[in-house]
Amino acid sequence: MIDRHIIEQIVEEVVKNLLGAKSAPNRKMKHNLLAVGDLKQINPALLEVLEANWNVLPYDSSENPQLHTVMKVIFLDASQDLFVKGALGICDTPESELLSACIVDYVPVTLIPKTNLYKILNGEKKTNGDYFSSLMEYKEKLLKFGVEINSLEAFAAPMPIISDQPDAKKLITQRDVQECKKNEILADKETIITPLARDTARELGKSIIVMDTKGAENTWKWER
């Protein structure tokens, strides 16, 4: 009978030896972020933080965006019009069409609502109760579609990749899964994931997220 733990150790040693002959991975690599909106209106300090973590690509409505080349799309100063259209699936402007395309193609997308709308959505500004309820329903729909709603300050603050996750690894073993404190483990198409690692992730209720790299960065896909 094949001892899977021994195979796990052998695979780990072989990959370590192979990787040892190569240069260290570039942990400073930044992912592409397609930014919809006027970047010049962003606070310079915030823009600096954003550009430190992302390769920010300005959106040009006259060009067809190559969504398969970006890790995420962010809508700056998103209007209530775009907010409602996104929830209802209405596509009658370049921005609403792009938002719909992101949702349809599972491209991670974040809406940064205009200040007034953001305050209403977060209960910081009182408004008509029924109207507020309708807006919250639209918000819930967008969240169900996978759309993140955030402030620019909160979005810019975190790093796009969490450093204590084994995302930079070329090999994910059972031990990596066991020692990972997060419930989500990032990998890419070139990462070797051992069968024991997959089984352990399943047993522990953790997810291994594999990035589809068809020529470039693409949508994250979930495995259980």
A.B. asks: List the atom pairs, with distances to 0.1 Å, where a side-chain N or O of residues 129-144 and a protein N or O form a donor-acceptor pair under 3.5 Å, not counting sequence neighbours.
C.D. replies:
from : atom 1 : to   : atom 2 : distance (Å)
Y131 : OH     : Q80  : NE2    : 2.5
S133 : OG     : G129 : O      : 3.0
S134 : OG     : D130 : O      : 3.3

A.B. asks: Look up atom CD1 in I120 and atom OG1 in T127, then write down how far apart they are to the nearest 0.5 Å.
C.D. replies: 5.0 Å
A.B. asks: How far does CG of N55 sit from CG of N32, to the nearest 0.5 angstrom?
C.D. replies: 4.5 Å
A.B. asks: Any heavy-atom pair between the side chains of F155 and L33 that's under 4.5 Å?
C.D. replies: yes
A.B. asks: Any side-chain donor paired with an acceptor under 3.5 Å for K30 and N53?
C.D. replies: no
A.B. asks: Heavy-atom count around Q178 CD within 6.0 Å, excluding the residue itself: above 12?
C.D. replies: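 Count over threshold, so yes.
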A.B. asks: To the nearest 0.5 Å, what is the distance between OG1 (T115) and CD (E124)?
C.D. replies: 10.0 Å
A.B. asks: Hydrophobic cluster membership, with links at side-chain heavy-atom distances under 4.5 Å among I/L/V/M/F/W/Y: are Y59 and V104 in one?
C.D. replies: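 Result: no, two separate clusters.
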A.B. asks: Looking only at side-chain N and O atoms, does S79 offer a donor or acceptor that is under 3.5 Å from a partner on D81?
C.D. replies: no
A.B. asks: Would you mind reporting whether I74 and L76 have side-chain heavy atoms less than 4.5 Å apart?
C.D. replies: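 Answer yes - side chains close enough.
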A.B. asks: State which residue, out of V107, V36, V147, fulfils the side-chain contact (heavy atoms from CB on, under 4.5 Å) condition with C102.
C.D. replies: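 Only one of V107, V36, V147 forms a side-chain contact (heavy atoms from CB on, under 4.5 Å) with C102, namely V107.
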A.B. asks: With side-chain contact (heavy atoms from CB on, under 4.5 Å) as the test, pick out the partner of R175 among T173, V177, I172.
C.D. replies: T173
A.B. asks: Heavy atoms only: give me the nearest L152-I112 pair and the separation to one decimal.
C.D. replies: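 Where L152 meets I112 most closely, the heavy atoms are N-CG2, 3.6 Å.
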A.B. asks: State, with a plain yes or no, whether a side-chain heavy atom of K72 is found less than 4.5 Å away from one of W54.
C.D. replies: yes
A.B. asks: Mind running side-chain contact (heavy atoms from CB on, under 4.5 Å) on V109 and L99 for me, showing each step along the way?
C.D. replies: CA-CA 8 Å; V109 56; L99 177 56; 3.9 Å; yes
A.B. asks: Any chance you could measure L196, atom CG, to D176, atom CG, to the nearest 0.5 Å?
C.D. replies: 12.0 Å
A.B. asks: Do you know which two heavy atoms are closest between P65 and L34, and how far apart they sit?
C.D. replies: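 Nearest heavy atoms, P65 then L34: CB-CD2, 4.0 Å.
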A.B. asks: Return each pair, listed once, that meets side-chain hydrogen bond (donor to acceptor under 3.5 Å, both in side chains) where at least one residue sits in residues 91-104; pairs must be two or more places apart or across chains.
C.D. replies: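 Listed by first then second residue: K85-D92, T93-S96.
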A.B. asks: Determine whether the side chains of N150 and E148 contain a donor N or O and an acceptor N or O closer than 3.5 Å.
C.D. replies: yes
